[in-house]
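The block underneath contains the structure these notes are about, expressed in structure tokens.
In this text the structure is predicted, and so the values were computed from the model without any measurement. Counting starts at 1 for both ligands and their atoms, in listed order.
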Amino acid sequence: MINEVIQRLHRELPATVKLVAVSKFHPFEAIEEAYQAGQRAFGESRPQELLAKVKRLEEVRAERGEPDYMSDIEWHFIGHLQTNKLKMVLPYVSLVQSVDSVRLLEAIDKWGAANGMVINVLLECHIAAEESKQGFSEEELTDLLSSDMHYKNVRICGLMGMATFTEDEALICSDFQRLLDMQQILHDWIGESANVHAGCNELSMGMSDDYPTAVAMGSTIVRIGSMIFGERR
Ligand SMILES: *Cc1c(COP(=O)(O)O)cnc(C)c1O
């Protein structure tokens, strides 16, 4: 089942779109099964759970006596990250997709400097109609870009957004369009400022229910959970 969906998605998605399999609330064995089917990038949204899975992988390697088992797996962090949890997440992930405030961005930069790492991040933008979803508004993004950014230990690779949870296709499209507009603001700024890292082209949008729309509109990363692993428990 997991196997079939992964293979179908790999066939279906354009080569320019990266599939992140969102494995939150599913056991390590489900990740292993997806990995066997050819999936390499996995998304987790809770520091504790990510860390448990990273540790589990280390145990499995020891049990099998294969230090290279699943060594090309790539973890993406997609959930709300508190500044006191950075050390549970940053050493292990290739991309933090959910940087939702300047405060968090600064904390990550500081942690990177202290630990000799440059952390790849996406800025999470608020594009949905729901109040509850977090992220930068267009105004906050503009403020950040026009501030005197001097981050040396974060690399801003693009934007992430979540559309309104609805079946209204037109509303989903207008949410994604808002993210495209914010990407335009980012790109306009790259021309003017040395502070934004080059190659800010990642656009993480699209989940199980809306990824075809997102891909049609130019997404470069889709985050798909329940369609692959079943409903979360
Ligand atoms: C859970 C989650 C997903 C996956 O959602 P599905 O609807 O299960 O595909 C994608 N992105 C984020 C940020 C999530 O928290």
Within the 4.0 Å heavy-atom shell around G225, which atoms of ligand 1 are there?
4 (C), 6 (P), 8 (O), 9 (O)

side-chain contact (heavy atoms from CB on, under 4.5 Å) between M117 and N153: does it pass, once the steps are laid out?
CA-CA 6 Å; M117 283 176 75; N153 293 82; 5.9 Å; no

Counting each atom of ligand 1 from 1 as listed, which ones have a heavy atom of M162 under 4.0 Å away?
13 (C)

Going from CD on E58 to NZ on K53, what distance comes out if it is rounded to the nearest 0.5 angstrom?
15.0 Å

Give the atom numbers and elements of ligand 1 that come within less than 4.0 Å of a heavy atom of I224.
9 (O)

E63/R56 ion pair, N-O < 4.0 Å:
yes

Before accepting this row, confirm whether a basic side-chain N of the pair D181/R178 lies closer than 4.0 Å to the acidic partner's carboxylate O.
no

Is the number of heavy atoms from other residues, nucleotides or ligands within 6.0 Å of CD (Q48) greater than 12?
no

Can you tell which part of K24 has a heavy atom less than 4.0 Å from ligand 1: side chain, backbone, both or neither?
side chain

Tell me, please: is I78 in heavy-atom contact with ligand 1, that is, under 4.0 Å?
yes

If we set the cut-off at 4.0 Å for heavy atoms, which region of S45 has an atom near ligand 1: side chain, backbone, both, or neither?
neither

Among R223, M205, M160, which residue places a heavy atom closest to atom 4 (C) of ligand 1?
R223

Quick one: does M227 get within less than 4.0 Å of ligand 1, heavy atoms only?
no

A quick test of your reading: do over 12 heavy atoms of other residues, nucleotides or ligands sit less than 6.0 Å from CD of E59?
yes

